[in-house]
Structures are given as structure tokens and as C-alpha cells.
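Just below is one structure, and these are the notes that go with it.
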Amino acid sequence: MSVHENLTVDTVSRQGREFLGSYLETLSMVERLHRLLLDVIKDEFERLGLLDINSVQALLLFNIGDNEVTAGELKSRGYYQGSNVSYNLKKLVEAGYMEHKRCEIDRRSVRVRLSDKGQHIRTVVSDLFGRHSDGILGKDVLGDLDLGDLNHALHRLERYWGDQIRYIY
């Protein structure tokens with residue numbers, strides 16, 4: 001079943017329906033790409049025998065990098081999109097991928113950063129993305145598509161969606 005078959009909006013113009021169909025296809029593709037990225041990371045970790053960490057946790061470590069953050073900052077900075085951030089942080093600390101310490105000012109708050117073991121995972125993911133970048137360029141996967149333009153459009157879409165959450169119109 002295509003995404004277009006799910007359209008039930010009768011009050012939208014023909015041009016609006018065509019755009020809506022493309023919009024729904026884009027939403028579906030973004031979702032599928034994210035899941036596929038997690039599968040690619042999982043496959044790499046299985047190939048390397050790194051079985052005590054999942055792809056969501058590995059991507060979280062990659063995104064944190066050299067920063068020291070609180071759990072709340074992980075979501076607000078866009079490092080983590082899931083609802084179970086506390087669970088994953090706890091597991092990463094228990095497995096030795098992250099270090100944590102109580103904030104001196106607010107003792108309720110905990111700051112986390114990558115341990116040496118976590119930095120290794122970050123390097124593995126970074127190397128994977130580097131190989132992908134070379135492969136995409138070498139095989140001309142994207143042709144003339146300018147990723148800068150694509151990223152700019154996705155940032156505008158992100159801003160639009162953020163505005164929908166923050167503002168009632």
C-alpha cells in the first residue's frame with residue numbers, strides 16, 4: 001500500500017493533495033531511513049563482535065562526543081530523540097561506556113560524559129560514517145544532489161514542526 005492510498009482529505013486542492021502525498025512519502029522515508037541507519041550500525045557492531053551495546057546507545061555516544069551533558073540536555077540539544085533516555089544512560093554507565101557525576105550546584109542533576117570505552121565506540125561509528133561518505137561519493141549515489149540544500153530544507157521543516165509544538169494558532 002502506498003502512502004498516497006492513506007489520503008482522506010477531501011477539502012484540499014488538487015495541488016495541495018499532490019503536495020500532501022509527497023509530504024507523507026517524505027515522512028515515511030525519513031522514518032525508514034532512521035530505522036535503516038540503526039540497522040546499519042547494529043550490523044557493524046555485530047561484525048566487530050561488539051554485542052553489549054545497541055545501535056541507539058552507540059548513536060547516542062557518537063552524538064555526545066566530547067561534551068559533558070545532563071539527561072535533559074541530551075534531548076534539548078538533539079543528541080537523543082527517544083523517550084527512554086534515563087534507561088539508556090543507566091545501561092551505558094553500568095557497561096562502562098559513560099561516566100557520571102553529580103552536579104555541584106544542583107545535586108539532583110547528573111552530568112555524563114564518555115569514558116575511554118565510550119570514546120572507542122564513538123570512533124567505530126565515526127569510521128563507519130566516514131566509509132559511507134567515501135562510498136556514496138565514489139559510487140555517485142546522490143548524483144548532482146547538493147546535501148547542503150537538502151540539509152537546509154530539513155532544518156526548515158524541523159523549525160516548522162517545532163513551531164507547531166510551541167505555538168497555538
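Along the sequence shown, the residues carry numbers beginning at 1. Please read all numbers here as calculations on a predicted model, not as lab measurements.
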Side-chain donor/acceptor pairs under 3.5 Å, residues 45-52, sequence neighbours excluded:
{"residue": "E46", "atom": "OE2", "partner": "K42", "partner atom": "NZ", "Å": "2.9"}
{"residue": "R47", "atom": "NE", "partner": "E44", "partner atom": "OE1", "Å": "3.3"}
{"residue": "R47", "atom": "NH2", "partner": "E44", "partner atom": "OE1", "Å": "3.1"}
{"residue": "R47", "atom": "NH2", "partner": "E44", "partner atom": "OE2", "Å": "2.9"}
{"residue": "D52", "atom": "OD1", "partner": "Y97", "partner atom": "OH", "Å": "2.6"}
{"residue": "D52", "atom": "OD2", "partner": "Y97", "partner atom": "OH", "Å": "3.0"}

* Structure fact -> Output for pair (S115 OG, L61 CG), nearest 0.5 Å, gives 8.0 Å
* Rounded to the nearest 0.5 Å, how far apart are CD1 of I53 and CG of L92? -> 5.5 Å
* Asked: Quick one: do L33 and L150 end up in the same hydrophobic cluster if we chain Ile, Leu, Val, Met, Phe, Trp and Tyr together by side-chain heavy atoms under 4.5 Å apart?
  -> no
* Which residues pass the salt bridge (Lys or Arg N to Asp or Glu O under 4.0 Å) test with E158, sequence neighbours left out? -> none
* What ring-ring contact (aromatic ring centres under 6.0 Å, His included) pairs are there with at least one residue in residues 13-44, not counting sequence neighbours? -> none
* Go through the structure and list residues passing salt bridge (Lys or Arg N to Asp or Glu O under 4.0 Å) with R156, not counting sequence neighbours. => none
* Structure fact -> Applying side chain to side chain contact (heavy atoms under 4.5 Å, CB included) to V93 and not counting sequence neighbours gives M98, H100
* Pairs in or reaching into residues 56-65: which pass salt bridge (Lys or Arg N to Asp or Glu O under 4.0 Å), with residues at least two apart or in two chains? -> none
* Is it true that a side-chain atom of N67 and a backbone atom of V69 form a donor plus acceptor pair closer than 3.5 Å? -> no
* Asked: Are F129 and V56 connected in the hydrophobic side-chain network, where two residues link if heavy atoms are under 4.5 Å apart?
  -> yes
Only pairs under 3.5 Å count here: list side-chain donor-acceptor contacts from residues 119-126, not counting sequence neighbours, and write none if there are none.
{"residue": "Q119", "atom": "OE1", "partner": "R122", "partner atom": "NH1", "Å": "3.3"}
{"residue": "Q119", "atom": "NE2", "partner": "D66", "partner atom": "OD1", "Å": "3.1"}
{"residue": "R122", "atom": "NH1", "partner": "D66", "partner atom": "OD1", "Å": "3.1"}
{"residue": "T123", "atom": "OG1", "partner": "Q119", "partner atom": "O", "Å": "3.0"}

* Report yes or no: do L154 and L147 belong to one cluster of Ile/Leu/Val/Met/Phe/Trp/Tyr joined by side chain heavy-atom distances under 4.5 Å? => yes
* With sequence neighbours left out, write down each residue that passes salt bridge (Lys or Arg N to Asp or Glu O under 4.0 Å) with E31, or none if nothing qualifies. => R35
* To do: Output the distance between atom CG (N54) and atom CG (L38), rounded to the nearest 0.5 Å.
  => 8.5 Å
* **Sequence-distant partners of T70, side chain to side chain contact (heavy atoms under 4.5 Å, CB included), two or more places apart** => E73, S109, R111
* Asked: If you group Ile, Leu, Val, Met, Phe, Trp and Tyr whenever their side-chain heavy atoms sit less than 4.5 Å apart, what else falls in with Y87?
  -> none
* Structure fact -> Residue pairs meeting ring-ring contact (aromatic ring centres under 6.0 Å, His included), one or both in residues 130-149, sequence neighbours left out, come to none
* **Hydrophobic cluster identity match, V141 and L145, side-chain contacts under 4.5 Å** => yes
* Roughly how far apart are L142 CG and L137 CG, rounded to 0.5 Å? -> 8.0 Å
* Are L24 and M29 connected in a single hydrophobic cluster, I mean Ile/Leu/Val/Met/Phe/Trp/Tyr linked by side-chain heavy atoms less than 4.5 Å apart? -> no
* **Intermediate values then yes/no, side-chain contact (heavy atoms from CB on, under 4.5 Å), V110 and L89** => CA-CA 11 Å; V110 175; L89 286 178; over 6 Å; no
* Asked: Does atom CG of D116 have more than 12 heavy-atom neighbours from other groups under 6.0 Å away?
  -> no
* Does the D43 side chain pair with the main chain of D39, one donor and one acceptor, at a distance under 3.5 Å? -> no
* To which residues is V30 joined in a hydrophobic cluster, defined by side-chain heavy-atom contacts under 4.5 Å among Ile, Leu, Val, Met, Phe, Trp and Tyr, whether direct or through other members? -> none
* **Interatomic distance, L114 atom CG to I64 atom CD1 [nearest 0.5 angstrom]** => 6.0 Å
* To do: Measure the CD1-CZ distance between I136 and R131 for me, rounded to the nearest 0.5 Å.
  => 12.5 Å
* Is the backbone N or O of I41 less than 3.5 Å from a side-chain atom of S55, with the two atoms forming a donor-acceptor pair by type? -> no
